[in-house]
Amino acid sequence: MRRHLYQSEVALLMVCMALTACSHRPEVVIRSSRGPVAVEVEVADTPESRARGLMYRNDMAPNAGMLFIFPNETEQQFWMKNTPLPLDMVFIGKEHRIVGIVADTQPFTTSPLGVPGRSQYVLEVHAGFCASHGISTGNQVDFVRVPEGAR
């Protein structure tokens, strides 16, 4: 009986470890002036998921964000309609370098937000995140566990 219980506990532990290992989400790692900064991201790579974005979200983990992936590099415009969280928007070119940042966006606004230049990716994080981590235009960005077909 005791041996059976032990085997069950070991099996349960192995299942938990496997689930934990599989739960690692995609990350964007920014090579800032203060060292690498990892952001766990949700990927928005379809027209529907990009249109929805972070609308209606009232909370997000401190080092989390959303990575918008577009099929081509172009001048991107975003807005804050139905988005209650103030955000920093990080515009990233196809060569995975930051081309510009819109910091501290105002929730619920419909004014177009963007930066001069073309980008293929946009990372949204909490407002103030870029300033507090030394993230700036020109920083290199790496994608970790972002599905290959999405980039």
Side-chain angles (χ1 to χ4, degrees), residues 12-151:
L12 182 60
L13 179 61
M14 290 175 69
V15 167
C16 288
M17 286 174 34
L19 288 174
T20 300
C22 292
S23 71
H24 289 296
R25 297 178 69 158
E27 288 183 334
V28 171
V29 179
I30 303 165
R31 298 184 208 170
S32 82
S33 61
R34 298 183 195 156
V37 178
V39 179
E40 205 173 84
V41 295
E42 294 177 54
V43 175
D45 59 353
T46 65
E48 297 79 19
S49 62
R50 289 191 299 261
R52 185 177 54 255
L54 290 172
M55 288 196 293
Y56 309 108
R57 300 275 187 94
N58 291 313
D59 60 355
M60 184 170 61
N63 280 3
M66 181 169 279
L67 178 64
F68 294 80
I69 300 175
F70 295 91
N72 300 303
E73 187 178 53
T74 185
E75 196 164 310
Q76 305 293 342
Q77 295 284 310
F78 278 62
W79 65 359
M80 294 293 293
K81 182 179 181 180
N82 300 318
T83 307
L85 297 172
L87 301 170
D88 285 352
M89 296 177 180
V90 182
F91 293 78
I92 304 164
K94 70 178 179 179
E95 301 299 323
H96 293 204
R97 286 211 176 272
I98 296 175
V99 296
I101 298 170
V102 175
D104 301 314
T105 62
Q106 172 132 8
F108 302 110
T109 58
T110 56
S111 302
L113 301 167
V115 299
R118 298 158 53 96
S119 54
Q120 189 165 357
Y121 313 97
V122 178
L123 174 65
E124 291 184 342
V125 292
H126 284 286
F129 187 87
C130 293
S132 68
H133 289 89
I135 296 169
S136 61
T137 299
N139 289 157
Q140 183 69 39
V141 176
D142 299 312
F143 295 156
V144 179
R145 290 183 299 277
V146 173
E148 191 65 36
R151 20 184 180 140

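The chain is numbered in sequence order, starting from 1.
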Visitor: Given the rule in the side-chain contact (heavy atoms from CB on, under 4.5 Å) test, do Glu40 and Asn63 qualify, once you have shown the distances and angles that lead to the verdict?
Guide: CA-CA 6 Å; Glu40 205 173 84; Asn63 280 3; over 6 Å; no

Visitor: Test side-chain contact (heavy atoms from CB on, under 4.5 Å) on Val141 and Tyr121; report intermediate values, then the result.
Guide: CA-CA 10 Å; Val141 176; Tyr121 313 97; over 6 Å; no

Visitor: Taking all non-hydrogen atoms of both residues, which atom of His126 and which atom of Pro62 are closest, and how far apart?
Guide: CD2-O, 3.8 Å

Visitor: Return the minimal non-hydrogen interatomic distance between Val146 and Glu27, and the atom names on each side.
Guide: CG2-O, 3.9 Å

Visitor: Can you tell me which residue pairs pass the ring-ring contact (aromatic ring centres under 6.0 Å, His included) test with a partner in residues 97-120, sequence neighbours excluded?
Guide: none

Visitor: Do His133 and Val39 pass the side-chain contact (heavy atoms from CB on, under 4.5 Å) test, and can you show the C-alpha distance, the side-chain angles, and the key distance before you say yes or no?
Guide: CA-CA 11 Å; His133 289 89; Val39 179; over 6 Å; no

Visitor: How many angstroms lie between CG in Leu85 and CD in Glu124, if you round to the nearest 0.5 Å?
Guide: 9.5 Å

Visitor: Check the pair Phe91 / Thr137 against side-chain contact (heavy atoms from CB on, under 4.5 Å), numbers first and verdict last.
Guide: CA-CA 9 Å; Phe91 293 78; Thr137 299; over 6 Å; no

Visitor: Going by the salt bridge (Lys or Arg N to Asp or Glu O under 4.0 Å) test, which pairs reach into residues 56-70, not counting sequence neighbours?
Guide: Glu42-Arg57

Visitor: State, to 0.1 Å, how close Ser32 and Asn139 come at their nearest heavy-atom pair, and which atoms those are.
Guide: CA-OD1, 3.7 Å

Visitor: Please round to the nearest 0.5 Å and tell me the distance separating atom CD1 of Ile30 and atom CD1 of Ile98.
Guide: 5.0 Å

Visitor: Under the salt bridge (Lys or Arg N to Asp or Glu O under 4.0 Å) rule, collect the residues that match up with Arg50, sequence neighbours excluded.
Guide: none

Visitor: Which residues pass the side-chain contact (heavy atoms from CB on, under 4.5 Å) test with Thr46, not counting sequence neighbours?
Guide: Glu48, Ser49

Visitor: Measuring from atom CD1 of Ile69 to atom CG of Leu123, what distance do you get when rounded to the nearest 0.5 angstrom?
Guide: 10.5 Å

Visitor: Considering all heavy atoms of both residues, which atom of Ser33 and which atom of Gly134 are nearest to each other, and what is their separation?
Guide: OG-O, 3.4 Å

Visitor: Applying salt bridge (Lys or Arg N to Asp or Glu O under 4.0 Å), can you list everything that pairs with Asp104, at least two apart in sequence or on another chain?
Guide: none

Visitor: Please report the closest heavy-atom contact between Val102 and Gly114, naming both atoms and the distance.
Guide: CG2-O, 3.5 Å

Visitor: Identify which one of Glu73, Gln76, Lys94 satisfies the side chain to side chain contact (heavy atoms under 4.5 Å, CB included) criterion when paired with Arg118.
Guide: Glu73

Visitor: Looking at every heavy atom in both Asp88 and Ala103, which two are closest together, and how far apart are they?
Guide: OD1-CA, 3.3 Å

Visitor: Is the backbone N or O of Pro107 less than 3.5 Å from a side-chain atom of Thr109, with the two atoms forming a donor-acceptor pair by type?
Guide: no

Visitor: Please report the interatomic distance CZ(Phe78) to CG(Leu87), rounded to the nearest 0.5 Å.
Guide: 10.5 Å

Visitor: About how many Å separate CZ of Arg34 and OG of Ser136, when rounded to the nearest 0.5 Å?
Guide: 9.5 Å

Visitor: According to side-chain contact (heavy atoms from CB on, under 4.5 Å), who are the partners of Gln77, at least two apart in sequence or on a separate chain?
Guide: Glu75, Pro112

Visitor: Just say parallel, tilted or perpendicular for the rings of Phe143 and His96, cut-offs at 30° and 60°.
Guide: tilted

Visitor: As an exercise, state the distance from CZ of Phe68 to CG of Asp45, rounded to the nearest 0.5 Å.
Guide: 11.0 Å

Visitor: Taking the side chain as everything from C-beta on, heavy atoms only, tell me whether Met80 gets closer than 4.5 Å to Met89.
Guide: yes

